[in-house]
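Every value quoted in this text rests on a predicted model; they were computed, and no experiment measured them. One-based numbering along the sequence shown.
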Amino acid sequence: AADSLKVGVLTCKTVPGSRVNLLIRSTADVTCVFEDSHGQKESYNGESGIALGLDLSFQSAETFAFAVVSTSERKAGAHSLAGKYVGGKATASLGVGLGAAALVGGSNDQFGLNPLALGANQGVGASAGIGFLYIEAAK
């Protein structure tokens, strides 16, 4: 098995007004930009949230970034990050807050999204559970 290799950074922002919070499940539309280690950028659109857990948060804005690591020799590019990612996610906020998530998935589960830094959000509340991120190439 090849060692994991950092291949770039994925930064996502929630789309204002798109959050749906149903207590044990929440979703929000996101726009994401992947920047590889050579400075090349790719745009993605998708959805993020808590698939199963407790979500008592009411956030008006959220930004999160991940270090993208490859679990194979395949490199990111040509929108190869598109796919479904699942893992643990937690946030807490009172005005301005913090959150973190570690997710695995993408093309044949070949990519991992590790928290690069804590995400920043604005709102009130807390959430924790199984988080998800579904992204596809921006059109």
Side-chain angles (χ1 to χ4, degrees):
D3 291 332
S4 293
L5 174 67
K6 181 178 173 186
V7 294
V9 175
L10 180 69
T11 304
C12 300
K13 295 181 180 187
T14 57
V15 174
S18 69
R19 181 169 298 281
V20 175
N21 189 333
L22 301 173
L23 190 61
I24 60 170
R25 181 173 176 12
S26 63
T27 65
D29 293 338
V30 294
T31 59
C32 303
V33 174
F34 171 69
E35 184 171 354
D36 71 15
S37 56
H38 303 292
Q40 299 295 317
K41 294 182 180 181
E42 295 179 342
S43 296
Y44 293 88
N45 293 325
E47 181 181 34
S48 180
I50 299 285
L52 180 62
L54 183 60
D55 192 346
L56 300 174
S57 64
F58 301 94
Q59 299 169 347
S60 60
E62 183 179 13
T63 300
F64 45 95
F66 297 100
V68 178
V69 294
S70 176
T71 58
S72 73
E73 293 183 15
R74 181 173 181 194
K75 301 284 189 239
H79 289 98
S80 61
L81 294 182
K84 299 177 181 183
Y85 296 84
V86 178
K89 181 175 182 178
T91 65
S93 58
L94 182 58
V96 175
L98 299 173
L103 309 173
V104 175
S107 304
N108 298 316
D109 293 334
Q110 294 185 86
F111 297 103
L113 304 180
N114 298 323
L116 182 65
L118 294 177
N121 56 58
Q122 297 175 353
V124 63
S127 65
I130 299 171
F132 67 90
L133 175 66
Y134 302 148
I135 55 175
E136 60 185 26
K139 298 175 176 139

Joint cluster assignment, Y44 & F64, ILVMFWY side-chain distance < 4.5 Å: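 Yes; tracing contacts between hydrophobic side chains, which count when under 4.5 Å, links both residues.
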Cluster overlap V68 with F132, hydrophobic side-chain contacts below 4.5 Å: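 No, V68 and F132 fall in different hydrophobic clusters.
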Of all residues at least two apart in sequence or in a different chain, which pass the side chain to side chain contact (heavy atoms under 4.5 Å, CB included) check with [X]?
| X | value |
| --- | --- |
| A137 | H79 |
| A128 | A90 |
| N45 | T31, A138 |

Residues, nucleotides or ligands: over 12 heavy atoms within 6.0 Å of L54 CG: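 Atom CG in L54 is crowded, with more than 12 foreign heavy atoms closer than 6.0 Å.
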Residues forming a salt bridge (Lys or Arg N to Asp or Glu O under 4.0 Å) with E35, sequence neighbours excluded: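 Per chain and number, E35 pairs via salt bridge (Lys or Arg N to Asp or Glu O under 4.0 Å) with no residue.
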Which residues share a salt bridge (Lys or Arg N to Asp or Glu O under 4.0 Å) with K139, sequence neighbours left out: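 If we apply the salt bridge (Lys or Arg N to Asp or Glu O under 4.0 Å) test to K139, skipping adjacent residues, the hits are E136.
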Heavy-atom check, side chain of F34 versus side chain of I135, under 4.5 Å: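 Counting from C-beta outward, F34 and I135 never come under 4.5 Å.
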Reference residue S48; test side chain to side chain contact (heavy atoms under 4.5 Å, CB included); the match among L133, T14, T27: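 Filter result, single survivor: L133.
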Considering all heavy atoms, the nearest C12-L10 contact: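 Scanning both residues completely, I find the closest heavy atoms to be SG-CG, 4.0 Å.
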Salt bridge (charged side-chain N to carboxylate O under 4.0 Å, His left out) pairs, two or more places apart, involving residues 43-54: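 Output for this query is empty, none listed.
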